[in-house]
Amino acid sequence: MSDTTQLPAFIGALDRASEWFGRTLAWLIIIMMLIQFAIVLLRYAFSVNSIFMQELVMYMHASVFMLAAAYTFRHDGHVRVDIFYRGMTPRRQALINVVGIITLLIPVMIFIIASSLGYVANSWRILESSPDYGGIPAVYALKTLIPLFAVLMIVQGVIEIVRNGYVMAGRIVPSAAGGNHLEERV
């Protein structure tokens, strides 16, 4: 990934915030594993079941999955069919990236926001809680992750449009052009 200091100040700040946010979310995975370990230990060693703890693991998993998608996108960790892409020049790859973001990513994310707002608003209106006794009384917060995910993806998409625009203009040299795929290093 290229240095954010080469990007315009505001875009670079957004990019650094995305990086920080993704790294911070990664800590939820460790916390989630510890809570899951506690759930198993309580259930099988002490015959104690906690719906709240089980839902807490689900909430954390959803948070990591939905909110770290932009971080994954920032690090080019999303799924892509590289049959033609990997053999292209960095400038051609940047063009493909920009076209993909503008024609696919942003419209789909706008659709997700538009189609989820009523669903999320209804949940907030009634302060929807868990259907299970002892569960987390904040299902509305969980549902809020849907439009938040889409907003974060749009923001990262704009950052990537600027980054790839700089690559096409020759103002940024991609840090690992051609050998950026982890599966090829195995």
> Between atom CG of Leu34 and atom CG of Leu41, what is the distance when rounded to the nearest 0.5 Å?
Replying inline: 12.0 Å

> Tell me, which pairs form a ring pair (Phe, Tyr, Trp, His ring centres under 6.0 Å) where one or both residues lie in residues 18-45, sequence neighbours left out?
Replying inline: none

>> For residues Met32 and Ile30: do they belong to one hydrophobic cluster (side chain heavy atoms under 4.5 Å, members Ile, Leu, Val, Met, Phe, Trp, Tyr)?
In response: no

> Val167 and Pro90: which non-hydrogen atoms are nearest, and at how many Å?
Replying inline: CG1-O, 3.7 Å

> Do Gln6 side-chain atoms and Arg171 backbone N/O form a donor-acceptor pair below 3.5 Å?
Replying inline: no

>> What I'd like to find out is whether the side chain of Gln36 reaches to under 4.5 Å of the side chain of Met60, using heavy atoms alone.
In response: no

> How far apart are the C-alpha atoms of Glu55 and Leu142, what are their side-chain angles, what is the distance that settles it, and do they pass the side chain to side chain contact (heavy atoms under 4.5 Å, CB included) test?
Replying inline: CA-CA 10 Å; Glu55 287 189 4; Leu142 184 64; over 6 Å; no

> With the 4.5 Å side-chain cut-off for hydrophobic clustering, are Ile29 and Leu25 part of the same group?
Replying inline: yes

> Hey, what else clusters with Leu104 if you join Ile, Leu, Val, Met, Phe, Trp, Tyr whenever side-chain heavy atoms sit under 4.5 Å?
Replying inline: none

> Which heavy-atom pair separates Leu152 from Leu67 by the least distance, and what is that distance?
Replying inline: CD1-CD2, 3.7 Å

>> Show every salt bridge (charged side-chain N to carboxylate O under 4.0 Å, His left out) that has at least one partner inside residues 90-109, sequence neighbours left out.
In response: none

> Shortest non-hydrogen contact from Arg74 to Asp15?
Replying inline: NE-OD1, 2.8 Å

> Honestly curious: do Val158 and Val155 fall in one hydrophobic cluster under the side-chain, below-4.5 Å linking rule?
Replying inline: yes

> Nearest heavy-atom pair of Pro107 and Ile102: which atoms, and what distance?
Replying inline: CD-O, 3.2 Å

>> So, taking the atom named CD in Gln156 and the one named CD1 in Ile101, what distance separates them when rounded to the nearest 0.5 Å?
In response: 8.5 Å

>> According to salt bridge (charged side-chain N to carboxylate O under 4.0 Å, His left out), does anything in residues 126-138 pair up with another residue at least two apart or in another chain? List the pairs.
In response: Glu128-Lys143

> Atom CD1 of Ile159 and atom CD1 of Ile154: how far apart are they, to the nearest 0.5 Å?
Replying inline: 12.5 Å

> For the atom pair CD1 (Ile112) and CZ (Phe149), what is the distance rounded to the nearest 0.5 Å?
Replying inline: 5.0 Å

> Is Tyr119 reachable from Leu127 through a run of hydrophobic residues whose side-chain heavy atoms are each under 4.5 Å from the next?
Replying inline: yes

>> Show the nearest heavy-atom pair for residues Val139 and Ser123, with the distance to one decimal.
In response: C-OG, 4.1 Å

> Are Gln54 and Ile39 close enough that some pair of their side-chain heavy atoms sits under 4.5 Å apart?
Replying inline: yes

> Residues two or more places apart in sequence or in another chain: which of them pass salt bridge (charged side-chain N to carboxylate O under 4.0 Å, His left out) with Arg23?
Replying inline: Glu19

> CD1 of Ile35 to CE of Met58: how many Å apart, nearest 0.5 Å?
Replying inline: 13.0 Å

> Are Ile161 and Ile106 close enough, and set up right, to give a side chain to side chain contact (heavy atoms under 4.5 Å, CB included), and what steps lead you there?
Replying inline: CA-CA 11 Å; Ile161 287 171; Ile106 292 176; 4.0 Å; yes

>> Is there a side-chain contact between Tyr59 and Leu28 in this structure, where contact means two heavy atoms from C-beta onward sitting under 4.5 Å apart?
In response: no

>> For a 4.5 angstrom cut-off between non-hydrogen side-chain atoms, does Leu105 reach Glu160?
In response: no

>> Quick check: do Met88 and Leu95 have side-chain heavy atoms less than 4.5 Å from each other?
In response: no

> Is Met153 linked to Val151 within one hydrophobic cluster, defined over Ile, Leu, Val, Met, Phe, Trp and Tyr using a side-chain heavy-atom separation of less than 4.5 Å?
Replying inline: yes

> Looking at Pro147 and Leu117, what are the two nearest heavy atoms and their distance?
Replying inline: CB-CD2, 4.3 Å

>> Can you tell me how far apart CZ (Arg43) and CE (Met53) are? Round to the nearest 0.5 Å.
In response: 10.0 Å

>> Walk me through whether Leu7 and Leu14 qualify under side chain to side chain contact (heavy atoms under 4.5 Å, CB included).
In response: CA-CA 10 Å; Leu7 296 172; Leu14 285 176; over 6 Å; no

> Can you tell if the side chain of Phe73 reaches within under 4.5 Å of the side chain of Ser18, non-hydrogen atoms only?
Replying inline: no

> Under the ring pair (Phe, Tyr, Trp, His ring centres under 6.0 Å) rule, what pairs show up with a residue in residues 120-142, not counting sequence neighbours?
Replying inline: Trp124-Tyr140

